[in-house]
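What follows is a single structure, written as structure tokens, with notes after it.
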Number of protein chains: 2
Amino acid sequence: MSNDEALKKYDIKKYRTPDGYTSDICVFTIVSESDGEYKPPLMDLKLMLIQRAALDAEGNPNIEASKWAVPGGFVQDDESAFEAAKRELEEETSVSGVHMKHFGVYDKPGRDPRGWIISNAHYAIVPEHSLSLRKAQDDAAEVDLFSINDVLNLDLAFDHREIIEDAIKMITNDLLQTTVAKNFLPEYFTYSELQAVLKTVTDDPAIASDQSFSRKIKTLPFIREAEGKTSRTSKKPTQLYTFVEMDVVKPIYTARY
Amino acid sequence: MSNDEALKKYDIKKYRTPDGYTSDICVFTIVSESDGEYKPPLMDLKLMLIQRAALDAEGNPNIEASKWAVPGGFVQDDESAFEAAKRELEEETSVSGVHMKHFGVYDKPGRDPRGWIISNAHYAIVPEHSLSLRKAQDDAAEVDLFSINDVLNLDLAFDHREIIEDAIKMITNDLLQTTVAKNFLPEYFTYSELQAVLKTVTDDPAIASDQSFSRKIKTLPFIREAEGKTSRTSKKPTQLYTFVEMDVVKPIYTARY
DNA sequence: GGAATAGTGTCTCTAAGACAATATGGA
DNA sequence: TCCATATTGTCTTAGAGACACTATTCC
């Protein structure tokens, strides 16, 4: 009747188990197409994909060769899918400590011809400068960044089209309804830098208008004015802001926070 | 170089695979403590849990016996975790066609002493009247509903405390930031019925005040006035409303929808 | 001075919140 | 008639949006 006793009699072979357990990571970054100095940035939200090589690491023909895919790999002993995603991101791009979120499981039988392979999908927010984009690792032929407006026109491997569609929906929502935008910004930022991040996923006029947004940012409870000013976005020194650590829930049924 | 060729050479045994792949379902229901006729309902959000039996289906001592747990079971051949959750909910409660959402994966090695067992956590929204609460199925000794305010005081099996905490957070957010509340309501409902659902997860005064909420509901783009009236919540016939099918995203940076 | 970004001064208008009053119909 | 719920009237106030204007600094 003890737990140990129960454990001994438990037959673990009763049910089918997956043939593979993997983590995939949709790596998002924002590329600032700086128009020169003293300018607010022009930003574009991009997704990092790899092109699958013709041959795998052992020299055998690779499955879904030459198609574009979300990077990922097998979860290893003694780690969770989330830990695996962080490890793989670091192996792939040498960055760690970035924002990472699990957003879905893709486990339909038949999604991968090699067997019942389960994919845990995550998205990561990586600062542009830390993406060195080293190519040709393992079974990746190429690594590249694609604008979220173009990425769905590619020839995508497995069910990665569905994964990418969900990832874009998820990060769009999170950028607008949570404070994750802070992960695309330095600790202290100007109103126009935050505005540029948000404009990558919305064309809401209240966000797109400079006057409205520079007024509004002062009243948001989860953002406060910081000490200094900067001149990196304009000749006139510009007020810096920073995010306040807090949970934000804005009900759709009310006006207030 | 073809996919078939690649498939033949693929060695599926290279990585460790999970010992079990399961779906668990946090079944939420709202219990209306009707105060009599011509009254708006008093609602309480509840979670259905099972108490693990002393012996399992085969008569062996059960693991984590007598603790309370989220119902669930193993994903079977040719189904996804999501499909398994729907099947298990129907087996457990005989209801189908209800709202179900995957919200997390619990796969930390060691979370289950029987091996590397992966749990896909879902929440389901079930109308009160369809819960017959049949007891003592398989390895469940008892089935019961617990208010979300009390449930975390129970002795919970495995890592189900964490799962339940996450489920409560998730459904609270979804109720306020999406239109899932419709799944707790009949197709046509009064302002006070919707209000009662929302009051199970928030005490926002703009929602709690009758006058404010009855005015506000008329202006919400995702709700429209229906034809008829009802007297089930008051002696005065009351306007019925219904949800409009639409995506709702309310940015935290703006006032409008 | 010109150009470009940041920010303020006001005005209008909508809508939120508070309080009071009215509407309905069963007991 | 009384009561409980639903609903509207109306006032005050906050704040969104528009437009014009000012501020700063490099060229």
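Scope of the values below: all heavy atoms of this structure, side chains included, with no hydrogens, waters or symmetry mates. Residue numbers begin at 1 in each chain, while the letters A, B, ... track the order of the sequences.
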Answer yes or no: are there more than 12 heavy-atom neighbours, outside A/Asn153 itself, under 6.0 Å from its atom CG?
yes
Of the residues in residues 195-217 of chain B, which ones touch DNA chain C at a heavy-atom distance under 4.0 Å?
B/Ala206, B/Gln211, B/Arg215, B/Lys216
Nearest-angstrom distance from the residue atom CD of A/Glu193 to P of C/dT5:
14 Å
Mark yes when over 12 heavy atoms from residues, nucleotides or ligands other than B/Asp203 sit less than 6.0 Å from its CG; otherwise mark no.
no
Send over the distance from B/Arg232 CZ to C/dG25 C1', rounded to a whole Å.
17 Å
NZ of A/Lys216 to CD of A/Gln195, rounded to nearest 0.5 Å, is 14.5 Å
Identify the heavy atoms of A/Val197 and A/Ala181 that sit nearest to each other, and give their distance.
CG1-CB, 4.2 Å
Is there a side-chain polar atom (N or O) of B/Ser192 under 4.0 Å from OP1 or OP2 of D/dA6?
yes
Separation between CG of B/Leu154 and CD of B/Gln51, rounded to the nearest 0.5 Å
9.0 Å
Strictly under 6.0 Å, is that where the ring centroids of A/Phe222 and B/Tyr253 end up?
yes
With a 4.0 Å cut-off on heavy atoms, is A/Lys229 in touch with a base, just the backbone sugar-phosphate, or nothing at all?
nothing
Please work out whether the ring planes of B/His122 and B/His102 are parallel, tilted or perpendicular, with thresholds of 30° and 60°.
perpendicular
Nearest-angstrom distance from the residue atom OH of B/Tyr253 to P of D/dA16
16 Å
Determine whether A/Asp174 and A/Tyr123 satisfy the following criterion, side chain to side chain donor-acceptor pair (under 3.5 Å), listing intermediate values before the conclusion.
CA-CA 11 Å; A/Asp174 285 355; A/Tyr123 75 73; 2.5 Å; yes
Rounded to the nearest Å, what distance is computed from the NZ atom of residue A/Lys250 to the C1' atom of nucleotide C/dA16?
13 Å
Backbone of A/Thr172 reached by a side-chain donor or acceptor of A/Gln177 within 3.5 Å:
no
Between C1' on C/dG7 and CD on A/Glu225, what's the gap in Å once rounded to a whole number?
11 Å
Expected rows: protein N/O vs nucleotides 25-27 of chain D N/O, under 3.5 Å:
{"unit_1": "D/dT25", "atom_1": "O4'", "unit_2": "A/Lys235", "atom_2": "O", "d": "3.4"}

Side-chain contact check for A/Tyr191: nearest option of D/dT8, D/dT5, C/dA6 is C/dA6
Assign A/Thr233 to base, sugar-phosphate, or nothing according to its heavy-atom contacts below 4.0 angstrom with the strands shown.
sugar-phosphate
Can you tell me how far P of D/dA6 sits from OH of B/Tyr241, to the nearest Å?
11 Å
